[in-house]
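For ligands, and for the atoms within them, numbers begin at 1 and follow the listed sequence. This structure is a prediction, so every number in the text was calculated from the model and none was measured.
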Amino acid sequence: MRQAGSTSNVASVVVIGVDSRSMGQIRETLGAEATLPAQATKYEDALAVVRKLRPDVVIAGFDQDYEEAIRLAPQLLAESGRVQLVALSAHADSDRIRAAMRAGYREFVVLPDDAELLRQAVHEAIYQEGGDEDHGEVVTIWGSKGGAGATFLAVNLAAELSPVHRVCVVDLDFSMGDVAAFLDINPAQTMSDLLRNLHKIDERMLAGHVVVHPSKIHALVQPTDLEQREEIKGDTVMRILTTVARSYQYCLVDCGSRLDEPALTAATVADRILLVSSPDVPGIKNTWRRLQLLEKLGIEKSRIHVILNRWDKRDAPFSLADVEQNLSRKVDASVAFDRAATRAVNEGKLLRDVDKKCAAARDIESLVGLVTDGEISVEKRAAGPIGWFSRFSGG
Ligand SMILES: Nc1ncnc2c1ncn2[C@@H]1O[C@H](COP(=O)(O)OP(=O)(O)OP(=O)(O)O)[C@@H](O)[C@H]1O
Ligand SMILES: [Mg+2]
């Protein structure tokens, strides 16, 4: 967590794999905020230099040898857990941005456009108190198709967590986010305002842009009116989620059902992905396609949980075994089809405030264990209304 400190501190920076022109740009950008070496270190010497100098920040060039820059990241972090890694490139390539994040880079900057971002990353490196262990968990909730229940689950799961944990719901559905409507809030500040001030984002600024619901859920919501939607890049999403994770224990990200840059970035950096499927053929088919995509992106299976929403086993066109066979994996949990859900949504209320004992509310309560520990809690599994919870794979 960031703390107020002396502004006379100067960050020590090691620069890897960049040419003299980029080195000049870095020098110009950071000025007196950092001690910089006279020239860049070669990739092959990076580990030895970091071991010796223990810098606050490593800036690694992505244009000379991208694969080497990716390969080095975990080794540099293993060498010094507190070092902040910044990727530097002449182009904002989405695949490379995602690969950088997965490897452990904190920022991806293109100079001179991102000069402020680089200054801030370096500044934060000397004011940080701890490393990643201070970060909250990022949980993305992703619908396999429109209307699967991503927003419903994000909001109501947050309501289960909020009495004991600091939790923030982030509405990343830039096309038509519904979180504000589900919580019946008319926000003074929204994601749009935050995007306008992104270059200054920190925990304090984030606090000025979240809405606080009476349940203690904090939410970063989309505007209620339909504005001109801008295209959101992966590094922007990364920046927002990093700041939210620094401020909250749980960051629940409503990704809607889109396969866009924000959703894919959130999936890449998430500790857990809850893939919400509706119990119908298009829903199951699209769940399978998303599982394939996540595998292609290199996201570990252990981070992915399939949730079957609106499940009514008496009325379902197929059995749970059929679903699992079609997905070639276990379904981790289900949430019952429940009319109270529709009432809650239409009244802008939390499900538990409409009927806290209804089947769907009990199922969502059981999901808390999945978010906090990676598995449905044992007592819920035993007492739960759905027998197949006992087949839960354990994440
Ligand atoms: N378990 C449930 N039982 C009955 N109805 C449900 C359940 N879950 C969600 N619904 C209903 O399904 C509708 C769609 O849910 P929701 O808006 O959360 O889906 P979504 O995946 O966020 O959709 P979108 O693609 O529009 O973002 C809501 O009106 C909600 O009332
Ligand atoms: Mg939604």
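Between Asp235 and Lys233 there is no salt bridge, since no side-chain N of the basic residue sits under 4.0 Å from a carboxylate O of the acidic one. Ion pairing of Lys42 with Asp45 is absent here, as no side-chain N (NZ or NE/NH1/NH2) approaches a carboxylate O to less than 4.0 Å.
Not one N or O of Leu153 is nearer than 3.5 Å to an N or O of ligand 1, by distance alone. For a threshold of 3.5 Å applied to N or O pairs, the pair formed by Ala360 and ligand 1 contains no separation below that value. In terms of N/O distances under 3.5 Å, ligand 1 is not approached by Lys145. Considering backbone and side-chain atoms alike, Val335 places every N or O at 3.5 Å or more from each N or O of ligand 1. Checked against a 3.5 angstrom limit, the closest N/O atoms of Arg339 and ligand 1 fall outside it.
For a distance bound of 2.8 Å, the N, O or S atoms of Thr151 include one lying that close to the Mg ion (ligand 2).
Judged by the 6.0 Å distance and 45° axis criteria, Arg166 is not positioned over the aromatic ring of Tyr250.
Once rounded to the nearest 0.5 Å, the distance linking OG of Ser94 with CZ of Phe108 reads 9.5 Å. Here Thr243 contributes atom OG1 and Leu198 contributes atom CG; the two are 8.0 Å apart, rounded to the nearest 0.5 Å.
The nearest protein atom to atom 11 (C) of ligand 1, hydrogens excluded, is given as Arg310 NH2, 3.7 Å; this is a heavy-atom distance. Of the protein's heavy atoms, Gly147 N, 3.0 Å lies nearest to atom 25 (O) of ligand 1. Looking only at heavy atoms of the protein, atom 3 (N) of ligand 1 is closest to Asp338 N, 3.0 Å. Phe182 CZ, 3.2 Å is the protein heavy atom nearest to atom 17 (O) of ligand 1.
Taking a cut-off of under 4.0 Å to the non-hydrogen atoms of Phe337, the atoms of ligand 1 that pass are 3 (N), 4 (C). Those atoms of ligand 1 that come under 4.0 Å of a heavy atom in Ala336, given as number and element, are 1 (N), 2 (C), 3 (N). Residue-ligand proximity, Val345 to ligand 1, at heavy-atom distances under 4.0 Å covers atoms 29 (O), 30 (C), 31 (O). Annotation for ligand 1: atoms under 4.0 Å from non-hydrogen atoms of Ser257 are 25 (O). Near Gly146, meaning under 4.0 Å from any of its heavy atoms, are these atoms of ligand 1: 25 (O). The ligand atoms of ligand 1 that sit less than 4.0 angstrom from a heavy atom of Ala341 are 2 (C), 3 (N), 4 (C), 5 (N), 6 (C), 7 (C), 31 (O). Interface atoms of ligand 1 facing Asp173, defined by a heavy-atom separation under 4.0 Å, are 27 (O).
Using a 4.0 angstrom heavy-atom cutoff, Trp311 does not count as in contact with ligand 1.
Residue-level proximity to ligand 1 for Asp254 is absent, since no heavy atom of it falls below 4.0 angstrom. Of the heavy atoms in Val276, none comes closer than 4.0 Å to ligand 1.
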Checklist entry - Taking it one step at a time, do Ser366 and Asp363 satisfy side-chain hydrogen bond (donor to acceptor under 3.5 Å, both in side chains)? => result CA-CA 5 Å; Ser366 310; Asp363 289 342; 5.0 Å; no
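One option in Gly143, Ala344, Ala150 has a heavy atom closer to atom 21 (O) of ligand 1 than any other, and that option is Ala150.
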